[in-house]
Amino acid sequence: MKKKEMYRRECILKAVLVVFCFVISSCSLFARESIPYLINAEMVTESENCEFQAAGLDLFFFNRSEKAVLSFTLVFFLFDEDGEAISDGRSNIVLSVKSRVEAGEVLESCVSLDQFFYSIPEYAYDIDYLYVSRIEYEDGEIWQDPLGMLAL
């Protein structure tokens, strides 16, 4: 009788483990597919297309949703050539971009980063962990990922 009970418990435990693994992998795949944007950016210290004194951000934002975007909030970190946090400004940048981007359209723009620097950097810093933490849509809906968990 004890052998049957142990075998039954072992089978239940294995079934729970299989279901748990399936749910975890399915949720992460679903989450990645539900990200309503694609983003890429590069910091620049010289540009003919952008007005800034210290630095700018060459930005590419693709609206993957079916609604027009009114604004979005970018979050990223800046590092020097040695991979260290920058010393002449904030290394953690949170930047609100107010620009209408139609459904399925791309925004290519240059945004000034002057407000984040104490002095003019000698060279463009590296960007790491770039994600959109908030999107405001035309219909008033708000999409949020405050910690960038979907961007991982």
Side-chain angles (χ1 to χ4, degrees), residues 13-152:
L13 182 61
K14 285 180 181 179
V16 167
L17 184 61
V18 167
V19 169
F20 179 74
C21 289
F22 177 75
V23 167
I24 293 296
S25 65
S26 295
C27 288
S28 68
L29 291 174
F30 174 74
R32 292 206 189 278
E33 288 300 313
S34 68
I35 297 175
Y37 67 90
L38 293 174
I39 190 90
N40 193 17
E42 181 178 311
M43 184 183 152
V44 292
T45 55
E46 295 180 15
S47 175
E48 295 177 7
N49 303 328
C50 190
E51 290 186 32
F52 55 80
Q53 290 181 346
L57 187 70
D58 269 341
L59 175 66
F60 172 91
F61 174 85
F62 174 59
N63 179 4
R64 291 179 59 190
S65 73
E66 297 178 1
K67 299 180 271 186
V69 169
L70 293 181
S71 68
F72 55 95
T73 304
L74 288 176
V75 179
F76 57 94
F77 295 85
L78 294 175
F79 296 92
D80 65 15
E81 72 272 4
D82 298 324
E84 300 292 324
I86 64 170
S87 60
D88 62 348
R90 290 180 32 203
S91 60
N92 177 17
I93 307 292
V94 178
L95 182 65
S96 180
V97 178
K98 295 187 185 321
S99 188
R100 183 180 179 86
V101 185
E102 296 295 332
E105 296 291 321
V106 171
L107 170 69
E108 289 185 86
S109 181
C110 187
V111 181
S112 174
L113 297 177
D114 288 347
Q115 63 185 326
F116 301 105
F117 290 95
Y118 308 127
S119 63
I120 297 175
E122 295 177 30
Y123 56 90
Y125 296 118
D126 293 326
I127 292 177
D128 191 25
Y129 199 52
L130 170 71
Y131 66 94
V132 174
S133 65
R134 183 178 193 275
I135 300 174
E136 181 180 343
Y137 291 101
E138 176 181 50
D139 64 0
E141 184 178 331
I142 305 289
W143 178 90
Q144 294 187 80
D145 181 17
L147 301 176
M149 298 304 284
L150 297 177
L152 293 175

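No hydrogens, no waters, no symmetry mates; every other heavy atom, side chains included, goes into these values.
The two atoms that bring Phe117 and Ala54 nearest to each other are CB-CB, 4.1 Å, heavy atoms only. Scanning both residues, Ser47 and Cys110, for their nearest heavy atoms gives OG-SG, 4.5 Å. Of all heavy-atom pairs spanning Ala103 and Lys67, the tightest one is CB-N, 3.6 Å. Closest approach of Gln53 and Ile120 over heavy atoms only: O-CD1, 3.6 Å. Between Gln115 and Leu95, the shortest heavy-atom distance links the atoms NE2-CD1, 3.6 Å. Contact record, Ser112 with Phe52: OG-CB, 3.6 Å, taken as the closest heavy-atom pair.
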Take Val101 and Val106 through the test side-chain contact (heavy atoms from CB on, under 4.5 Å) and record every step on the way to the result.
CA-CA 7 Å; Val101 185; Val106 171; over 6 Å; no

Show the numbers, then the answer: is there a side-chain contact (heavy atoms from CB on, under 4.5 Å) between Ile39 and Leu59?
CA-CA 8 Å; Ile39 190 90; Leu59 175 66; 3.5 Å; yes

Go through the steps for Asn63 and Glu102 under the test side-chain contact (heavy atoms from CB on, under 4.5 Å), then give the verdict.
CA-CA 7 Å; Asn63 179 4; Glu102 296 295 332; 5.9 Å; no

Run the side-chain contact (heavy atoms from CB on, under 4.5 Å) test on Ile35 and Val132 for me, step by step, so that the C-alpha distance in whole Å, both residues' side-chain angles and the decisive distance to 0.1 Å come before the verdict.
CA-CA 10 Å; Ile35 297 175; Val132 174; over 6 Å; no

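How far OH of Tyr123 is from CG of Asp80: 4.5 Å, rounded to the nearest 0.5 Å. Atom CD of Gln144 and atom CD of Glu136 lie 10.5 Å apart (nearest 0.5 Å). If you take OG1 on Thr45 and CG on Leu113, they are separated by 11.0 Å, rounding to the nearest 0.5 Å. Distance CZ/Phe62 to CG/Leu107: 12.5 Å, rounded to 0.5 Å. From Ile93, atom CD1 reaches atom OG of Ser91 across 7.5 Å, with rounding to the nearest 0.5 Å. With rounding to the nearest 0.5 angstrom, the CG atom of Asp145 is 9.5 Å from the CD1 atom of Ile135.
Counting heavy atoms from C-beta outward, Leu78 and Phe116 have side chains that stay 4.5 Å or more apart. Looking at Val44 and Cys50, their side chains never come closer than 4.5 Å, going by heavy atoms from C-beta outward. Looking at heavy atoms from C-beta onward, Leu74 lies in side-chain contact with Leu57 at the 4.5 angstrom threshold.
In this structure, the side chain of Asp139 engages the main chain of Glu141 through a donor-acceptor pair within 3.5 Å. Between the side chain of Tyr131 and the backbone N or O of Pro146 there is at least one donor-acceptor pair closer than 3.5 Å. For Tyr125 (side chain) and Ile86 (main-chain N/O), no donor-acceptor pair under 3.5 Å exists by modelled atom type. Checked by atom type and distance alone, the side chain of Arg100 never pairs as donor or acceptor with a backbone atom of Ala68 at under 3.5 Å. Formation of a donor-acceptor pair under 3.5 Å by the Asp114 side chain with backbone atoms of Ala55 is found in this model.
Applying side-chain contact (heavy atoms from CB on, under 4.5 Å) to Phe72 and the options Tyr137, Trp143, Phe61 leaves one that passes, Phe61.
Shown here is Glu81, whose CD atom has more than 12 heavy atoms of other residues, nucleotides or ligands within 6.0 Å.
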